[in-house]
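Numbering of ligands and ligand atoms starts at 1, following listing order. The figures here come from the full heavy-atom set of this structure, side chains too, leaving out hydrogens, waters and symmetry mates.
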Amino acid sequence: MSTANDASSNASPSTMDAQLGEFETLEQFIIEQEDRFPHSTGSFSRLLRDIGLAAKIVNRDMRKAGLIDIYGSTGETNVQGEVQQKMDALAHREFVLALRRGGECCLIGSEEHAEAIPLNTKVEGGDGDYIVLLDPLDGSSNIDVCVSVGTIFSIYRLPDDHDEEEPTLDAALQPGTEQVAAGYVVYGSSTMFVFTTGNGVHGFTLDPSIGEFLLSHPNLTTPDTGNIFSINVGYHHSFQEGLRNYLDWLQEFDPETNRPVKTRYIGSFVTDFHRNLLKGGIYMYPATQGNPEGKLRLMYEANPMAFIAEQAGGRATDGHQPILEKTPEKLHQRTPLFIGSDQMVRRAEAFLQGEPERAETLKT
Ligand code: P6P
């Protein structure tokens, strides 16, 4: 089975379209993986199918953003107090519809909805064993200026001691280590679906000509170090001293240790994360004056991306503890986030904890 990476570089565009049987579809891959997924009854495969369907619909509408009325804001503010973009509301609606119709999800937590959304899955004859937490469209303020954005999702099992017919929020408030799957969709120069179930990270590229996500990046791993750091340096005045020292270290001139390190920050977490995952790098959103707990949300941004980062050989921390081990208390709680290449995140931690000398044995 080839992947896009194997495709001949001199192939003409017409032959670059998938030939039947040349690539593995997302659905085929998930079904193949089923025997590696505990308690698999096909329900999980159908759940990922539902998420993939919603992503294709969001992708379709996003690619026409300048032609249909989805630029700009709805005039509402979401539970975060942020102006809701029209595309935020559309994406939220598509994912809720797909999950409700699919019947495998019993509870949704969404950035775009203050409360958890129970689905009467059991009552309507579905399996409904899964909980999905999601940021339907991260970075949506970038849509009006044609900058890549993304969807992030996290999947948990409904705990056995919870009412299947009336699941409540506390069933969703599980530490990141309990995730059964996590993934993101990046709507960029191409549209990719990247996910893990704890057996490595796998990337699928959408072939719009057949409407299928095709396996293009099997067993994705991230370099253990890199030469990119992503942070909004505009908040430098409010960074803690250890972080300022780390940023100064990254920008010192020392060719022997591959410094200065480049900065790349486009204000779209999924896109910054995806680039750093493939090339090596670190994304940081620390506590700031405006966001004293950090800006990124634990349950549907930090946790799913931390699961992916760790499965790809990277690392994710709040500066003091692994993201996945944090005990959640609220659906929309925020956390400081340092995520990416293992050696870069470890060095950041050493500086943040006031022990920069601890980093001397680390790769740059
Ligand atoms: P700032 C988008 O709103 C987002 O949640 C992330 O996608 C992005 O990395 C960050 O916020 C940008 O925030 O404060 O740098 O504009």
Side-chain angles (χ1 to χ4, degrees), residues 55 58 62 65 71-74 76-92 109-113 133-154 182-188 192 194 228-240 243-244 247 262-277 279 281-306 308-309 314 316-319 323 331-340 345 348:
V58 168
M62 174 142 7
Y71 270 161
S73 76
T74 60
E76 308 289 329
T77 54
N78 65 16
V79 63
Q80 330 287 339
E82 294 166 347
V83 174
Q84 184 183 60
Q85 302 298 306
K86 289 177 184 169
M87 210 45 223
D88 284 323
L90 181 150
H92 169 79
S110 167
E111 179 186 278
E112 298 306 325
H113 203 271
L133 306 175
L134 78 158
D135 182 356
L137 208 59
D138 176 73
S140 53
S141 57
N142 290 297
I143 288 175
D144 294 11
V145 293
C146 289
V147 167
S148 300
V149 293
T151 295
I152 311 172
F153 63 88
S154 172
Y184 63 87
V185 183
V186 52
Y187 310 97
M192 278 195 71
V194 180
I228 296 171
F229 73 93
S230 307
I231 190 170
N232 188 333
V233 293
Y235 304 134
H236 189 274
H237 64 282
S238 66
F239 291 159
Q240 66 169 89
L243 177 55
R244 290 203 301 271
L247 296 177
K262 285 188 294 191
T263 180
R264 290 283 186 279
Y265 186 79
I266 70 168
S268 177
F269 173 43
V270 172
T271 311
D272 281 320
F273 176 86
H274 182 70
R275 179 202 54 242
N276 293 355
L277 182 76
K279 290 179 176 285
I282 182 171
Y283 171 97
M284 299 173 270
Y285 207 111
T288 64
Q289 204 165 351
N291 286 295
E293 295 300 319
K295 182 179 183 184
L296 278 294
R297 290 74 170 189
L298 174 65
M299 296 310 290
Y300 43 79
E301 290 173 323
N303 266 337
M305 294 306 223
I308 290 171
T317 173
D318 64 3
I323 289 291
L331 176 59
H332 301 292
Q333 77 183 66
R334 299 174 191 264
T335 176
L337 178 62
F338 302 82
I339 188 168
V345 175

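Considering all non-hydrogen atoms of both residues, F239 and N232 come closest at CZ-O, 3.4 Å. The two atoms that bring Q289 and S238 nearest to each other are N-OG, 3.3 Å, heavy atoms only.
For ligand 1, the atoms sitting less than 4.0 Å from at least one non-hydrogen atom of N232 are 1 (P), 15 (O), numbered in the order shown with element in parentheses. If you number the atoms of ligand 1 from 1 as listed, the ones under 4.0 Å from a heavy atom of Y265 come out as 1 (P), 9 (O), 10 (C), 12 (C), 13 (O), 15 (O). Each of the atoms 6 (C), 7 (O), 8 (C), 9 (O) of ligand 1 lies under 4.0 Å from some heavy atom of F269.
Of the protein's non-hydrogen atoms, K295 NZ, 3.0 Å is the one closest to atom 11 (O) of ligand 1. For atom 5 (O) of ligand 1, the closest non-hydrogen atom of the protein is D138 OD1, 3.4 Å. Here the heavy atom of the protein found nearest to atom 9 (O) of ligand 1 is Y283 OH, 2.7 Å.
Side-chain contact, S230 with N276: a donor N or O sits under 3.5 Å from an acceptor N or O. With 3.5 Å as the limit, one finds a donor-acceptor pair spanning the side chains of T151 and Y187. Side-chain N/O atoms of D88 and S140 include a donor and acceptor closer than 3.5 Å.
Not one N or O of D272 is nearer than 3.5 Å to an N or O of ligand 1, by distance alone. Considering both main-chain and side-chain atoms, R297 never comes within under 3.5 Å of ligand 1 through any nitrogen or oxygen pair. By the 3.5 Å distance cut-off applied to N or O atoms, V270 is not counted among the residues near ligand 1.
For Y300 and F153, the ring centers are positioned 6.0 Å apart or more.
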Run K262 and F229 through side chain to side chain contact (heavy atoms under 4.5 Å, CB included) and show every step you take.
CA-CA 6 Å; K262 285 188 294 191; F229 73 93; over 6 Å; no
